[in-house]
Each structure stands twice: as structure tokens, then as C-alpha cells.
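Before any comments, here is the structure.
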There are 2 protein chains.
Amino acid sequence: MTPTIKDVAKKANVSIATVSRILNNKPGFTPETKLKVLKVIEEIGYQPNGMARGLINKKTQTIGVIFPNVSNMYSAEVLSGIEDAAHEDGSSVIVCKTDSSMERTMKYLRVLAEKRVDGIVFASEMIKEPFYKFMQDVKIPVVLLSSISYQYPIPYVKVDDRHAAYTATIYLIEQGHKKIAMICGDRNDLIAGIPRVEGYKEALQHSGISVIEDYIINANGFAYHNGQEAMDEILVKKLDVTAIFASSDEMALGVLTTAHQKGIKIPDDFSVMGYDDLKLAQMSIPQLTTVAQPLYNMGKSAASMLFEMIATGEQVQSRIMPHSIIKRDSVKERL
Amino acid sequence: MTPTIKDVAKKANVSIATVSRILNNKPGFTPETKLKVLKVIEEIGYQPNGMARGLINKKTQTIGVIFPNVSNMYSAEVLSGIEDAAHEDGSSVIVCKTDSSMERTMKYLRVLAEKRVDGIVFASEMIKEPFYKFMQDVKIPVVLLSSISYQYPIPYVKVDDRHAAYTATIYLIEQGHKKIAMICGDRNDLIAGIPRVEGYKEALQHSGISVIEDYIINANGFAYHNGQEAMDEILVKKLDVTAIFASSDEMALGVLTTAHQKGIKIPDDFSVMGYDDLKLAQMSIPQLTTVAQPLYNMGKSAASMLFEMIATGEQVQSRIMPHSIIKRDSVKERL
DNA sequence: TTGTATGCGTTATCAG
DNA sequence: CTGATAACGCATACAA
């Protein structure tokens, strides 16, 4: 069917060894034979077989990336960075979407192991014991993205969520706000949930503002509708706040929409602040003031770190990526 | 290193053939030996080697998907569908982002060929001759997604852009609009550009409204800022229109924002209509009336078609996916 | 510089 | 039911 190295060898009147050398630029052939072989390759349209190659080299030039979800801008942006890094490294990336299901995650881990990927980027999800155990077992290098493990020594790349939330809250306070609600995406989320709430609380305390637990709204996720619901709650509870800090841009947009529907003006009646700085943060009306995560770079870094681990066989250092406040129009100074 | 089938065989006191049979459920072993072998597999944590397998089976259980871009909601949604279909089929998907570069596309095609993917989903981009020639050469099944080739017989899945644009325009007309501007993403785009403009024109003509070329704004892409710029143009040119049909939701959002900045009310001063029905179409203020493409299903269909081609070895029939008008709040009836 | 032979980890074809 | 053994396509140590 598809021509093999043998076909090339035969047609070029050389041995497969020679062809192989030429293909891999290993010393041991004259320019003439090279030319001759290359010509044959061109003629018969030979494509090396990656599997056969990988079988020997024990390298697939492929990494896997595991996401809970791929149909949101967050993952899309991160994936873009990963893809670019992989491209630079001459590798491909297999995307796996788990829907946050343990079974599906384990299944993918197994698949990636069978496919002998060189490494795995594990994104936006806590690493459970069976996952770690398995990856440990099959000895596949892993780096965590927007996640962290307190129990296992896995390198990660993420922003300091606590500090980012702290900064955001301080910004709000600097703008004159004292009564600030926080919409936390998931109270049980050890990464994107709790630390952000802590940062928020800390900022208040450091500013001499007492924390009011009622001001902390627990949404059940980070999505748009969660933001809408949270805003509803703020409204029915008639929370006496002047600013709302949502721990995702999507939720912040939900707040914007619900506010608008109720005839509430942002930022006049409430200031609102998001988290992530997705592209849609600039597309909203008003444009969203938010704390930015360098999503693309986080993806790129994670992949680069992975490639370094693969190349050196050693652990790499985790990276805390810089966050920053993007000032736009959804926060108004309160005098 | 990682245990092989040999290790299993040795430790279980059977031949590798037997292990292989058990692994693949081929007849020829007793329940006892099966139990014994399975136990050993469990113990030593054996994982079959996909490459060795693929080398023989000539199947990788992997498909490639080629996108010009992965960091937008459009691709993200489509990818999600592809991933689900692949998962159902027991396959993995390698994502390739081309940045619309011919070189990068060709490079990826070569990579996918080397990796011996079972098939390729080629998305959102015209298929150039060298691409087709190459894929023809290496005999990899392909299906086009949101694209179509007039020169080559490649199955595709897409909506009928012309008809969708027609429907959208008719809807606007039904709402009483007679002066309708169209923002076309790219006048040279044979797929998402020209057909949509044609559909728009046709709708006008069928309704006895004459086409005014000035009303057709040529943006240089389908992105948010292109929409902003187009709206600027509409404004400076003082186009006498009551409705604006943008050929992407992102662009529509751009016109929303620009309008808002200039103090123009949507839908009171202008009605605006989008295209795609991305998630963000519901997140805007006002929520966007738009013509929906079933993105997720398109991805899923494309992948399913691909798997069918792979399984049967035959061509499959192209699929025109249904579009629909999603009525929300950015279009107002004009009496 | 070049060719031969072995092995990578499987599956499949034979015998037994 | 089970076990050698030959492929699969390639890289590489070893010879020539």
C-alpha cells in the first residue's frame, strides 16, 4: 500500500539502512546517494511511519492535554498556547475532554498511556489519587495547569488565585467601595473557589473592613447562568453592597445581564469586577474591569515545561504566572 | 521499563499469543488462564503498546482535526462535538492549528500522515490543491467542516450559508425593515463571504427591494474589531439603514459596542442581526438575534462521517445542517 | 560509505 | 486450547 522504507531502498538501489541514515541525517552517505534517495522518496511519495519509528525511539512526539471542557473561551485560549508550544517542539497534541467525570478521565489516562504520549498537561482539575497513582505507574511526565496538588509533587503553572483575588478586592476598595459582594464559583473548589474567597476576605480585613458572610454568594459553577442566578440572589436578598466581585468573567457577564434586565445600571448602581480577562470581557457593555490571567502564556508555559521534563527527565519548577488588573468600564469610583 | 506482553506471558506461564488472545477477546483460552493472565496484568500494571498494535492493524484510533484557529468559541464548540464523537468511537483527536498558513497546514498534513491518523477533519478553510493532492496521495479519508470544495469530491458538512443569510434577511424584512446593511466578513471568502452576501441580495430582490451596493460593508475578517470598524464606517457614511446584518456574532457584538459608545440605541435606532449563535450571543446586551449554526452537531457529524468512511472505506454523503433564526432582543419590528 | 541482521511490542498464522 | 514464529516499518550495532 503506502510505500515503506524498503520500497525506497529497492528503487534507489541502496539498503534500507542508508535510506534511514539519510532520513535522520546520521553520518554515512555521499551527497550523490542522498540526492538519489531523496528523489525516489519524492517520486513514490514516501512518508515515514511514525509508529514504527516510535516503537524504536520510544518517543511519539505527541502530548496529551486533559480538559474538563473544551467549549469555552478559557480552554480555547489555553489550548492555543499549548498547541503553539507543541508546534515549536515538533510535537502534536491530543485533546481529551473529561466533562469532569472521573471515569472518563481515567479512561483517557489509559488511552494516553497506550498511545505512549510523551507527556500530559492536566488542566483545570484537581488531581485525584487514582490519577496520580496511574501516571506514576506508567511514568508519564505531567504538568498541572490552573491547578495544583497539595499531596503530590507535580509541577504546575497557575496564577496565585488568592493573591489575584486579593488584588482585585483591594482595587475595589481603593475605588472607594466598602460593601463588596463576592460571587465565588464553587465553594468546594480548592483551586478556583476557596483561595479566591480567602483573598477577598484578606483584602477586606487588611483594609479594616469586616467580612460579612452574607456577602459571599456561592454559585454552583463559573458559568454565565451561575452569575445570573447569583445576581438574582443579591437582588432578592437586597444585599447592601456597592460592588460585586465575580470569580469569572462569564459570571460577571451574567451579573451585567441580570442587572440590565432589572433596570439596574452598571457601573452606576453597582460596580462589577470579573476574573480571567477572556476576550469577551472587552466585548460586553460596559466593558469588563477584571483581573487577567495570561491564559495563552499559561498554556504555552505548561507545554514548554512538559517538553523540558521530557527532554531532561527531571522535574521542573512550578511557575506562578503574573495576574493583573485590567481597568475598563464596569467599575466606578465611589467618593 | 514498562512491562510488555512478554513480561505478562512469562509471569503467567503462558505464551504471548495467549495473552494477546485474551487481550483482544479472540477465541482460544479457558476462563482460568484468562483469570490468571488478567491478574498478572493487573499486578505488573501492563499497558498494551498502541504503536506496536497500530503497526500491525494499520489503525491508530486517532484522527486529526485541522483548524485555522482554536482560540475562539466557534472552533471550541465544533471541537467539542468532534471530541465527543471520537470518544464514542474509541478514538482520540489531534488538534492542529494552522493560523491560516499554507506552510503550517502542509506541515501538519505531513505530520498527520506520518502519525498515520485514520482520518482528518478539515475545518473552516478552503482546501487548496496541494492539500488535496497530498491527502489523495497518502489516501487519508477527509471530511470538510464548514467548508466545501467545488473542485474536489470531498464530503462536507456545513449549513447552507446562502440560504441562511437569505432567511436572516427575510426575517429582517418581515420585521418591516427595508434598508438593511450587510457586513460581510470577507468579500473574498468563497464560503462564509460570498454566499452570505448573495443570500442577502437575493432576499432583497425577492422582496422587491433594490440592492444598494453601498449598504454592503466589507470587513476584513469575522472578528469583533472588524464589526466595530464596519459600524464606524456605517456611521461616518451616514448610511440610511434601519437594520444591520453582520455575518458573525462577534462582528455583531462589535457593532453593538460601537453603537453604544456613540449613544446609539439597539434595537431602537438600529436592529442588528448576527450569525453563528455562539454562546456569547446570549450574553450580550441586548441579547443577539441571530441565525444559528448547530456548531456542536456539525463537529459531531463531521467526525461521525469520518468514522464511517474509515470503517467502510467508502465515500459518505455530505450533510447540509439546518440553520435557524434565534429571535432575541437586538431586532425590533419596524412599523 | 554501505549493507546485514536484530529488535522494538504486537497480532496473526500456523502447527501441535 | 495453546505455543512458536513470521510479519508490521523502522533504527542501529556490527560487518564489510
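We use all heavy atoms of the structure for the numbers below, so side chains are in, but hydrogens, waters and symmetry mates are not. Chain identifiers are assigned alphabetically (A, B, ...) following the order of the sequence lines, protein sequences preceding nucleic acid strands; residue numbering begins at 1 within each chain.
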NA contact type, [X], heavy-atom cut-off 4.0 Å: base, sugar-phosphate, or nothing?
X: B:Gln47; result: sugar-phosphate
X: B:Leu23; result: nothing
X: B:Pro27; result: nothing
X: A:Asp7; result: nothing

[N] phosphate, OP1 or OP2: any side-chain N/O from [X] under 4.0 angstrom?
X: B:Ser15; N: D:dT2; result: no
X: A:Thr33; N: C:dT2; result: yes
X: B:Lys58; N: D:dG9; result: yes
X: A:Ser20; N: D:dA11; result: yes
X: A:Thr4; N: D:dG9; result: no

Could you state the interatomic distance from [atom1] ([X]) to [atom2] ([Y]), rounded to the nearest 0.5 Å?
X: A:Leu145; Y: A:Met298; atom1: CG; atom2: CE; answer: 5.5 Å
X: B:Lys279; Y: A:Ser71; atom1: NZ; atom2: OG; answer: 3.5 Å
X: B:Ile44; Y: B:Lys11; atom1: CD1; atom2: NZ; answer: 6.5 Å

For the pair made of [atom1] in [X] and [atom2] in [N], what is the distance, rounded to whole Å?
X: B:Phe29; N: D:dG3; atom1: CZ; atom2: C1'; answer: 16 Å
X: A:Lys59; N: D:dC10; atom1: NZ; atom2: P; answer: 20 Å
X: B:Ile5; N: D:dT5; atom1: CD1; atom2: P; answer: 17 Å
X: B:Ile56; N: D:dC8; atom1: CD1; atom2: C1'; answer: 6 Å
X: B:Ile16; N: D:dC8; atom1: CD1; atom2: C1'; answer: 14 Å
X: B:Asn25; N: C:dT11; atom1: CG; atom2: P; answer: 12 Å
X: A:Ile22; N: D:dA11; atom1: CD1; atom2: C1'; answer: 14 Å
X: B:Met51; N: D:dA11; atom1: CE; atom2: P; answer: 13 Å

Nearest to the side chain of [X], heavy atoms from C-beta on, is which of [options]?
X: A:Ala52; options: D:dC10, C:dT2, D:dT2; result: D:dC10
X: A:Val14; options: C:dG3, C:dT10, C:dA12; result: C:dG3
X: B:Arg53; options: C:dT10, C:dC8, C:dT13; result: C:dT10
X: A:Asn49; options: D:dT2, C:dG3, D:dG9; result: D:dG9
X: B:Asn57; options: C:dT11, D:dC10, C:dT10; result: C:dT11
X: B:Thr30; options: C:dT2, C:dG9, D:dC1; result: D:dC1

(request) Mark yes or no for a side-chain to base donor-acceptor pair under 3.5 Å between A:Arg21 and C:dG3, with no hydrogen or angle criteria applied. (result) yes
(message) Reading DNA chain D from 5' onward, which residue's closest nucleotide shows up sooner: A:Thr2 or A:Ala17?
(response) A:Thr2
(message) Return whichever of B:Leu55 or B:Pro31 has its heavy-atom-nearest nucleotide of DNA chain D closer to the 5' end.
(response) B:Pro31
(message) Parallel, tilted or perpendicular, judged at 30° and 60°: which one describes the rings of A:Tyr108 and B:His87?
(response) tilted
(message) Are more than 12 heavy atoms, taken from residues, nucleotides or ligands other than A:Lys10, located less than 6.0 Å from that residue's NZ atom?
(response) no
(request) Evaluate side chain to side chain contact (heavy atoms under 4.5 Å, CB included) for A:Ile191 paired with A:Lys158, printing each intermediate quantity in order. (result) CA-CA 10 Å; A:Ile191 292 152; A:Lys158 68 188 288 294; 4.0 Å; yes
